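In each ligand, atom 1 is the first atom listed, and ligand 1 is the first ligand listed. Below, all heavy atoms of this structure are taken into account, side chains as well, without hydrogens, waters or symmetry copies. These numbers come from a predicted model, not from an experiment.
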Amino acid sequence: MSPTLIDRLPKAELHIHVEGSIEPDMVLALAERNGLDFPHKSKAGLLATYEFANLAGFSAVYASNSCALRTERDFYDLTYSYMRRVREDNVIHAEIAFAPQGASHRNVAPEIALEGVLAAMDDAKAAFGMTGGVIIGCQRHRGAEAGLNMLRRMKPYRDRIMALGLASLEVGHPPRLFLRVFEEARDLGWKTVAHAGEEGPPEYIWEALDILKVDRIDHGVRCEEDPRLVRRLAEEQVPLTVCPLSNIYLKVFPALREHNIARLLRAGLLVTVNSDDPPYFGGYVNANYAACRDVLDLSDEEIIQLGRNSFIASFLPEEQKCNYLARIDRIVGAAPEASGMKDVAPIGSGDRA
Ligand code: HPA
Ligand code: ZN
């Protein structure tokens, strides 16, 4: 089958939880490698738990499977596998979230885990010609004090961390509670992002913007309930890292045809397409693009715009952003029928930004 526009489109992934990128086979293999008494022995048994009523239901399975991750090598293997897999989707830049608090609560030193993640990213960048960075996530259900302790513990890695994020159970844990954590992150020179408006109300998006002063909103899809907020997001071009399939699997929307990503894009918001936790939610980033194309009738121009948005919304330096945007233009910028080109740049074709 010839590659589609989505296959050929260079893209960045900006919303992916590294622990949530663990494939079921790897959960079982690592549980065995680490000699753990894991509740599921078979893949079928494990997969039977992949049915989620909401974010809380998912988080329980996610936390249980994350217990398989014990050593630096585990985190290395996990991260490297993700990078290798998404390079097939033409992801050339990845901003990956890692949750130090999850590791410490499983009695894994977060420094050790982070070393594994960083080493894998370095190796994958060298092997696949990619760029990327790590976003350390504050888990909101553990409270602000715990978040602050985590941030301070991670300070020795300040130069190797790109941003602070805010994730886990949203409702009942409004962004405003985490003001101190975000202030300290900004003082370290980090960018900041926060999950808001996934299950939580539009007010949480306002708080993330006005109190935490985040650079990007993760999800943000419930903004549509507040037209004034939609106008602001469009005017200020605040990036939203939308995860369409995640939103269906976690019942944020009843069906993909009711998802608002196309409407938000057409209203001029800086939306991007991402996978969140791909093995749990039916696919990696290209599966998310393809599902939106098929169900929401995205045009070729809109698909290209989404690819462009992924770099515009990234934390890359401006010059690198421009290089990547130029790469999109070279590869898919001119519609193939218009240019007469059947231009496909296969992975590793030597096309470097
Ligand atoms: N929302 C909040 N926290 C998360 C998610 C999500 O979709 N995935 C992994 N942690
Ligand atoms: Zn997420």
Side-chain angles (χ1 to χ4, degrees), residues 12-23 27 49-50 52-67 69 78-79 82 86 94-103 105-106 113 117 134-143 146-147 150 162-175 177-178 181 192-201 204-205 207-208 212 214-223 239-253 259 261 271-285 288 310 313:
E13 176 147 60
L14 306 177
H15 184 163
I16 158 78
H17 302 266
V18 75
E19 302 89 342
S21 74
I22 192 164
E23 288 285 347
V27 174
T49 66
Y50 285 30
F52 316 113
N54 50 29
L55 179 57
F58 162 69
S59 297
V61 177
Y62 176 91
S64 165
N65 289 349
S66 298
C67 292
L69 295 160
L78 175 71
T79 309
Y82 163 76
V86 295
E95 298 181 1
I96 300 180
F98 158 67
Q101 291 165 287
H105 277 264
R106 299 188 301 271
V117 172
V134 172
I135 299 170
I136 59 162
C138 172
Q139 294 184 315
R140 60 209 310 162
H141 69 282
R142 301 191 195 279
M150 178 279 290
M162 175 177 261
L164 173 74
L166 184 65
S168 91
L169 302 182
E170 185 182 358
V171 174
H173 306 282
L177 302 179
F178 299 88
V181 194
T192 56
V193 302
H195 284 60
E198 179 189 21
E199 286 190 344
Y204 285 18
I205 303 176
E207 286 185 16
L212 303 188
V214 295
D215 298 290
R216 270 190 331 231
I217 299 287
D218 289 324
H219 295 294
V221 288
R222 283 193 60 191
C223 68
L240 302 187
T241 64
V242 179
C243 306
L245 291 176
S246 162
N247 292 157
I248 306 313
Y249 277 74
L250 298 187
K251 316 274 192 297
V252 174
F253 293 90
H259 201 286
I261 187 169
V271 292
T272 64
V273 173
N274 307 272
S275 67
D276 212 4
D277 305 283
Y280 294 98
F281 301 147
Y284 286 78
V285 67
N288 277 269
S310 73

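- Checked by atom type and distance alone, the side chain of Glu19 never pairs as donor or acceptor with a backbone atom of Tyr62 at under 3.5 Å.
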Tabulate distances under 3.5 Å between N/O atoms of ligand 1 and N/O atoms of the protein, writing both atom names on each line.
from, atom 1, to, atom 2, distance (Å)
ligand 1, 1 (N), Glu198, OE1, 2.8
ligand 1, 3 (N), Ser168, N, 3.0
ligand 1, 7 (O), Glu198, OE2, 2.9
ligand 1, 7 (O), His219, NE2, 3.3
ligand 1, 7 (O), Asp276, OD2, 2.7
ligand 1, 8 (N), His17, NE2, 3.4
ligand 1, 8 (N), Asp277, OD2, 2.8

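- Scanning all heavy atoms of the two residues, the minimum distance from Val171 to Glu199 falls at CG2-O, 3.7 Å.
- A salt bridge links Glu95 and Arg216; the closest N-O separation between the charged side-chain nitrogens and carboxylate oxygens is under 4.0 Å.
- Remark: side-chain polar atoms of Glu198 are not paired, donor with acceptor, to backbone N or O of His219 under 3.5 angstrom.
- Between Tyr249 and Tyr280, the gap from one ring centroid to the other reaches at least 6.0 Å.
- Around the Zn ion (ligand 2), protein atoms of type N, O or S found under 2.8 Å number 4.
- Distance check, rounded to the nearest 0.5 Å: CD1 of Ile22 to CG of Leu78 gives 5.5 Å.
- Of all non-hydrogen atoms in Pro175 and Tyr204, the two that sit nearest each other are CG-O, 3.3 Å.
- Screening Asn288, Asn247, Leu14, Asp276 for a side chain to side chain contact (heavy atoms under 4.5 Å, CB included) involving Val242 leaves a single residue, Asn247.
- The backbone N or O of His173 lies less than 3.5 Å from a partner atom in the side chain of Arg140, making a donor-acceptor pair.
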